[in-house]
Participant: 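Quick one: the structure is below, and I'll ask about it shortly.
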Amino acid sequence: MLFPLIKDILSLSVDSDPQDSRELKVRGWVRTKRELKNLVFVELNDGSCLRNIQCTFDRSGENTAESVLEALETLETGASVEISGVLVPSPAAGQALELAASFIRIIGPAPAAARPGIPAYPLQKKRHSLEFLREISHLRPRTNTLAAVARVRSRLAFGIHQFFRENGYQYIHTPIITASDAEGAGAMFQVTTLDLEALSKSGLPVDYGKDFFGRKTGLTVSGQLEAETYASALSRVYTFGPTFRAENSNTARHLAEFWMVEPETAFAELEDNMDLAEEFLKFLFTIALKDCGEDLAFFEAHYEKGLIKNLESLASSQFSHISYSAAVEELEKHAGAFQFKPFWGCDLQSEHEKYLTEEVFSGPVIVTGYPKEIKAFYMKLNDDAKTVRAMDVLVPRLGEIIGGSQREENLEKLETRMGEMGMDGENYQWYLDLRRYGAVPHSGFGLGFERLVQYVTGMANIRDVIPYPRAAGQAEF
Ligand code: ATP
Ligand code: MN
């Protein structure tokens with residue numbers, strides 16, 4: 001039998017069910033120890049919820065064993081312990097229940113002062129900066145903030161599977177090692193077993209035919225192309241897995257390794273795709289509000305005022321829509337507000353996305369019809385032959401959270417576009433086959449999972465919503 005979690009213990013009701021006033025054992029890590037005359041209060045947390053369980057010891061109690069007094073004396077923040085006692089209504093404000101404790105055993109101490117070979121436990125009871133916590137990423141889940149992020153992240157991940165399952169989508173596992181560059185952005189990490197040192201000494205040209213896979217390969221930047229093949233057989237599919245981009249952008253919303261959710265839907269056009277994206281995001285906001293209320297209240301109090309209201313209003317509002325051309329016109333009217341002057345043909349910068357969502361629409365907006373030059377090769381060309389059926393979902397504060405499109409299903413047009421972009425069609429024959437045999441209109445999008453977690457928690461830096469962030473110059477742990 002697994003040990004009871006503090007979250008479950010705290011949801012018991014001693015008043016209505018005297019059965020619950022029984023001897024209980026709790027385990028966890030000590031957050032604080034306070035003393036008041038003969039009473040010792042130990043706040044215990046096991047990460048199952050934000051709240052601690054307060055365990056109250058009476059040192060003057062007749063039955064209080066010597067070993068308990070000793071343990072209480074040496075107990076320090078961060079130690080792991082087992083405590084037994086009786087669950088009782090708490091006289092203290094802010095909590096319904098506490099443990100009238102009689103026994104404690106220290107499982108693993110966490111010294112607050114350095115000892116030979118063991119530096120002091122770094123997470124003492126005080127506020128630590130998020131930057132400092134990143135340096136101890138292996139211990140930071142023991143803080144309220146990182147534990148709350150982990151719980152919300154986990155709930156959202158499950159919510160993603162729930163949403164797609166309820167809507168008839170099959171979960172597909174696409175490869176991580178790939179020979180095709182889906183975004184054509186040239187930001188791939190190379191995967192090789194060639195001996196680079198020996199090669200560079202030899203001065204010979206690299207022969208990828210001799211590499212492990214017999215060709216040049218890299219870590220995937222998107223599972224989309226492979227997802228398209230399965231959507232062209234199972235109608236509705238999605239992938240959800242790690243994605244890699246060797247982009248050297250040191251921003252608060254880019255990682256070199258991040259998780260992406262990519263639904264791909266057959267017999268769906270751009271409008272269906274937009275509706276799906278909106279419904280999907282609202283579903284996830286609703287789930288977070290319903291199941292992560294305590295953690296969201298924490299983020300609201302400590303990180304972003306108005307977070308909960310904002311999520312509530314998003315969950316029930318309608319997303320705005322605007323074409324890229326109209327958006328650029330709007331931005332040009334306020335060109336003075338920007339460092340990067342907007343013009344038709346430019347990629348929307350983060351300051352532009354902020355302006356559209358925060359000033360123009362005061363909420364999420366879906367921008368469609370981007371110039372083909374700034375989008376990937378697979379997007380369906382509009383009749384104007386200049387723009388593609390792309391859709392980016394922008395949200396206040398963060399900018400782009402979803403990027404998607406209807407895919408070009410016309411073989412000739414797709415081949416022309418690939419030629420224009422200097423792509424080697426040989427590598428994509430399998431992808432082109434989808435346009436040769438049983439082609440259907442189809443659409444999909446990619447949601448950056450960490451950006452979603454950032455949005456829901458209000459965390460400003462993407463490095464704080466993934467356990468072990470990978471970015472340029474950063475791969476510790
Ligand atoms: P951006 O312009 O913000 O760099 P992108 O246009 O390169 O995004 P896409 O290729 O459309 O992004 O990827 C789909 C989604 O994946 C994006 O909407 C975003 O949520 C997420 N994403 C893209 N790059 C990263 C990254 N380096 N780190 C984290 N998430 C990312
Ligand atoms: Mn990018």
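Computed from heavy atoms alone, side chains included, the values below leave out hydrogens, waters and symmetry copies. All ligand and atom numbering here is 1-based and tracks the order in the structure. As the structure is a prediction and not an experimental result, all values here were calculated from the model.
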Participant: Are any of the heavy atoms in Ile462 under 4.0 Å away from ligand 1?
Facilitator: yes

Participant: Against heavy atoms of Leu255, which atoms of ligand 1 measure under 4.0 Å?
Facilitator: 26 (C), 27 (N), 28 (N), 29 (C)

Participant: Go through the steps for His334 and Phe338 under the test ring-ring contact (aromatic ring centres under 6.0 Å, His included), then give the verdict.
Facilitator: CA-CA 8 Å; His334 309 274; Phe338 307 115; 7.7 Å; no

Participant: Any salt bridge between Lys341 and Glu332, counting N to O under 4.0 Å?
Facilitator: no

Participant: Thinking salt bridges, do Arg417 and Glu420 make one under a 4.0 Å N-O criterion?
Facilitator: yes

Participant: With a heavy-atom distance limit of 4.0 Å, tell me whether Glu450 approaches ligand 1 through its side chain, its backbone, both, or neither.
Facilitator: neither

Participant: Show which atoms of ligand 1 fall inside a sub-4.0 Å distance from at least one heavy-atom site of Ile402.
Facilitator: 18 (O)

Participant: Are Val261 and Phe280 close enough that some pair of their side-chain heavy atoms sits under 4.5 Å apart?
Facilitator: yes

Participant: So which bit of His254 gets within less than 4.0 Å of ligand 1, heavy atoms only: side chain, backbone, both or neither?
Facilitator: both

Participant: Is it true that Asp464 and Arg134 make a salt bridge, defined as a side-chain N closer than 4.0 Å to a carboxylate O?
Facilitator: yes

Participant: Which of the numbered atoms in ligand 1 are under 4.0 angstrom from any heavy atom belonging to Gly403?
Facilitator: 11 (O), 18 (O)

Participant: State plainly whether the residues Glu415 and Arg435 are in salt-bridge range, i.e. N to O under 4.0 Å.
Facilitator: no

Participant: Please report the shortest heavy-atom distance between His352 and Leu331, naming the atom on each side.
Facilitator: CB-CD1, 3.7 Å

Participant: Applying a 4.0 Å heavy-atom criterion (strictly less than), which segment of Thr243 is in contact with ligand 1: side chain, backbone, both, or neither?
Facilitator: neither

Participant: Which of the numbered atoms in ligand 1 are under 4.0 angstrom from any heavy atom belonging to Glu247?
Facilitator: 24 (N), 25 (C), 26 (C), 27 (N)

Participant: Gly448 to ligand 1: N or O pair under 3.5 Å?
Facilitator: yes

Participant: Identify, by atom number and element, the atoms of ligand 1 in contact range of Arg253, meaning under 4.0 Å from any of its heavy atoms.
Facilitator: 3 (O), 28 (N), 29 (C)

